[in-house]
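Beneath this line is the structure, given in structure tokens, with notes to follow.
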Amino acid sequence: MDVELIRLTKRYGGTAAVDGIDLKIRSGDYCCLLGPSGCGKTTTLRMIGGHETVTSGDVVIGPRAVGDAAPSERGTAMMFQSYALFPHLNCRDNVAFSLKMRGIGKAERRTKAMAMLDLVQMSHLAERLPAQLSGGQQQRVALARALVTGPKVLLLDEPLSALDPFLRVRMRTELKRIQKELGLTFIHVTHSQEEAMALSDLAVVMNGGRIEQAGTPRDVFERPASAFVAKFIGGHNIIALPGEAPIAVRADRMRLGAQAGAAARPARIVSVEYQGSTVHVGLEADGMSEAGPLTAILDDDAFAANPVALGETVPLGWDAEAAHRLSA
């Protein structure tokens with residue numbers, strides 16, 4: 001189901017937490033709202049779900065405006081960061097609880113709960129209590145509970161933040177699989193650039209209550225709209241040569257030594273970090289960056305063939321087509 005935000009605003013006194021944003025999320029898309037703490041992403045999610053009142057503007061889900069509707073009347077479900085499972089209920093009854101509140105009979109709600117547990121690969125642990133589950137297993141139960149009511153839009157508030165790095169990667173795969181299998185619209189809040197790049201069809205970068213850029217992950221990464229987006233998404237150098245507009249150049253498209261080209265400038269190597277398949281080289285070049293050292297990401301084999309060392313001065317450049325002009 002489509003979700004559209006129209007001049008959506010949330011104020012707390014004189015402070016705008018969300019400042020007149022416009023956004024359209026197509027039915028069946030996986031949308032990630034990302035940005036630093038305090039950027040307005042969670043407040044936006046809560047306004048979509050009806051868990052936060054709207055100061056002005058509107059939320060449209062499917063064919064109707066729902067800005068004043070109760071959460072249960074929006075066709076949405078929320079998966080909270082804390083999971084909030086009932087400690088005294090087993091997995092099956094946790095998933096079935098919202099169906100019980102809707103007056104659905106015991107046999108039907110248990111059947112539906114087991115179907116959702118099967119979807120998230122937890123049916124074999126249906127009788128266990130939350131305390132008997134790992135963090136990843138609790139997350140799967142919380143996801144099944146959010147899905148059991150048949151929402152058209154699922155809202156996820158940093159659902160992977162409590163998991164260890166290995167489980168986060170595994171659960172990213174599971175979330176994407178379930179979202180595509182069910183064909184639902186997912187709106188997922190995260191502060192992780194990697195998570196947003198891996199999951200989203202639509203990546204929305206927020207800053208100071210506003211949307212800095214919205215687009216496919218590739219568009220946002222390849223063509224950041226501003227220095228803020230380039231810095232937050234990462235993987236770019238922001239280069240501001242005197243008298244010229246700032247540009248972004250991907251770190252893996254920086255060139256050292258003989259590959260630097262005719263427009264190369266001298267740069268001093270301040271760090272060398274081996275990362276397995278790549279080597280990250282930190283460089284300082286006068287008049288090229290006000291944000292600290294630049295980074296060149298080199299292929300491991302290329303670095304091994306032409307190694308550089310700390311303190312060495314080398315030519316630094318980039319291909320003209322690798323430079324992306326930034327807005328102010």
Side-chain angles (χ1 to χ4, degrees), residues 1-3 27-31 45-46 48-51 61-62 64 66 69-164 166-190 199:
M1 189 172 287
D2 288 352
V3 176
S27 180
D29 270 2
Y30 201 123
C31 172
L45 190 79
R46 291 178 60 82
I48 294 170
H51 302 284
I61 299 178
R64 68 191 187 100
V66 297
S72 60
E73 299 171 352
R74 297 182 178 220
T76 63
M78 176 81 84
M79 182 177 170
F80 295 98
Q81 183 177 1
S82 64
Y83 308 150
L85 299 176
F86 297 113
H88 62 290
L89 298 181
N90 63 27
C91 294
R92 183 193 61 240
D93 291 343
N94 258 290
V95 174
F97 184 79
S98 59
L99 300 178
K100 182 178 181 180
M101 293 297 97
R102 296 183 180 201
I104 294 174
K106 184 175 182 178
E108 182 181 354
R109 67 177 183 256
R110 287 195 166 192
T111 298
K112 289 185 175 181
M114 288 304 296
M116 284 297 106
L117 286 172
D118 190 54
L119 178 71
V120 300
Q121 301 176 351
M122 282 291 293
S123 56
H124 63 296
L125 299 177
E127 299 296 331
R128 288 198 181 180
L129 295 171
Q132 298 171 309
L133 304 176
S134 68
Q137 290 168 340
Q138 289 184 40
Q139 198 241 30
R140 289 171 185 266
V141 175
L143 178 60
R145 184 180 60 183
L147 292 169
V148 77
T149 57
K152 301 298 183 185
V153 179
L154 184 66
L155 310 174
L156 304 101
D157 184 11
E158 301 207 36
L160 307 181
S161 62
L163 303 180
D164 64 50
F166 175 79
L167 270 179
R168 278 202 296 272
V169 173
R170 184 176 173 185
M171 286 309 304
R172 284 203 313 246
T173 302
E174 286 298 295
L175 282 173
K176 193 69 171 180
R177 174 186 67 83
I178 290 167
Q179 187 258 341
K180 291 303 181 188
E181 187 172 326
L182 297 177
L184 301 181
T185 305
F186 275 30
I187 306 176
H188 176 136
V189 160
T190 179
L199 284 169

For this session: Can you sort out the partners of Arg172 under salt bridge (Lys or Arg N to Asp or Glu O under 4.0 Å), two or more places apart, ordered by chain and number?
Result: Glu194
Exercise. Which residues pass the salt bridge (Lys or Arg N to Asp or Glu O under 4.0 Å) test with Asp29, sequence neighbours left out?
Worked result: Arg26
For this session: May I ask you to test the Ile61-Lys152 pair for a side-chain heavy-atom distance under 4.5 Å?
Result: no
Exercise. Would you say Leu154 and Leu182 make side-chain contact, with heavy atoms under 4.5 Å?
Worked result: no
For this session: May I ask you to decide whether Arg177 forms a salt bridge with Glu181, counting only side-chain N to carboxylate O separations under 4.0 Å?
Result: yes
Quick one: closest heavy-atom pair of [X] and [Y], and the distance?
X      : Y      : answer
Met116 : Val95  : CB-CG1, 4.2 Å
Met122 : Cys91  : CE-SG, 4.5 Å
Thr190 : Glu158 : CA-CG, 4.2 Å
Leu89  : Asn94  : O-ND2, 2.9 Å
Leu155 : Ile48  : CD2-CG2, 3.9 Å
Met171 : Leu163 : CG-CD1, 3.7 Å

When rounded to the nearest 0.5 angstrom, what distance separates [atom1] in [X] from [atom2] in [Y]?
X      : Y      : atom1 : atom2 : result
Leu175 : Met79  : CG    : CE    : 6.5 Å
Leu119 : Ile178 : CG    : CD1   : 4.5 Å
Leu167 : Leu160 : CG    : CG    : 9.5 Å
Thr185 : Gln179 : OG1   : CD    : 7.5 Å
Ile104 : Thr111 : CD1   : OG1   : 11.0 Å

Problem set entry | Thr76 (side chain) donor-acceptor with Val153 (main chain) under 3.5 angstrom | no
Problem set entry | Under 3.5 Å: donor-acceptor pair, side chain of Arg109, backbone of Ala96 | no
Problem set entry | Candidate pair Arg64 and Glu73, rule side-chain contact (heavy atoms from CB on, under 4.5 Å), full reasoning | CA-CA 11 Å; Arg64 68 191 187 100; Glu73 299 171 352; 4.2 Å; yes
Problem set entry | Residues, nucleotides or ligands: over 12 heavy atoms within 6.0 Å of Lys100 NZ | no
For this session: Kindly write out the residues that satisfy ring-ring contact (aromatic ring centres under 6.0 Å, His included) with Phe97, not counting sequence neighbours, or none if the list is empty.
Result: Phe86
Exercise. Does Arg110 have any side-chain contact (heavy atoms from CB on, under 4.5 Å) partners at least two apart in sequence or in another chain, and if so, which?
Worked result: Arg92, Asp93, Lys106
Exercise. With sequence neighbours excluded, what pairs up with Asp118 under the side-chain contact (heavy atoms from CB on, under 4.5 Å) test?
Worked result: Ser123
Problem set entry | Mutual orientation of the aromatic rings belonging to Phe80 and His51 [parallel < 30°, tilted 30-60°, perpendicular > 60°] | perpendicular
For this session: Go through the steps to decide whether Arg46 and Asp157 satisfy the test side-chain contact (heavy atoms from CB on, under 4.5 Å), and finish with yes or no.
Result: CA-CA 9 Å; Arg46 291 178 60 82; Asp157 184 11; 5.7 Å; no
Using distance only, find each side-chain donor-acceptor pair of residues 133-149 under 3.5 Å and give its atom names and separation, not counting sequence neighbours.
| residue | atom | partner | partner atom | Å |
| --- | --- | --- | --- | --- |
| Ser134 | OG | Gln137 | N | 3.2 |
| Ser134 | OG | Gln137 | OE1 | 3.4 |
| Gln137 | OE1 | Ser134 | N | 2.9 |
| Gln138 | NE2 | Pro130 | O | 3.3 |
| Gln138 | NE2 | Leu133 | O | 3.4 |
| Gln139 | NE2 | Pro159 | O | 3.4 |
| Arg140 | NH1 | Val120 | O | 3.0 |
| Arg145 | NH1 | Ala84 | O | 3.0 |
| Arg145 | NH2 | Tyr83 | O | 2.5 |
| Arg145 | NH2 | Ala84 | O | 3.4 |

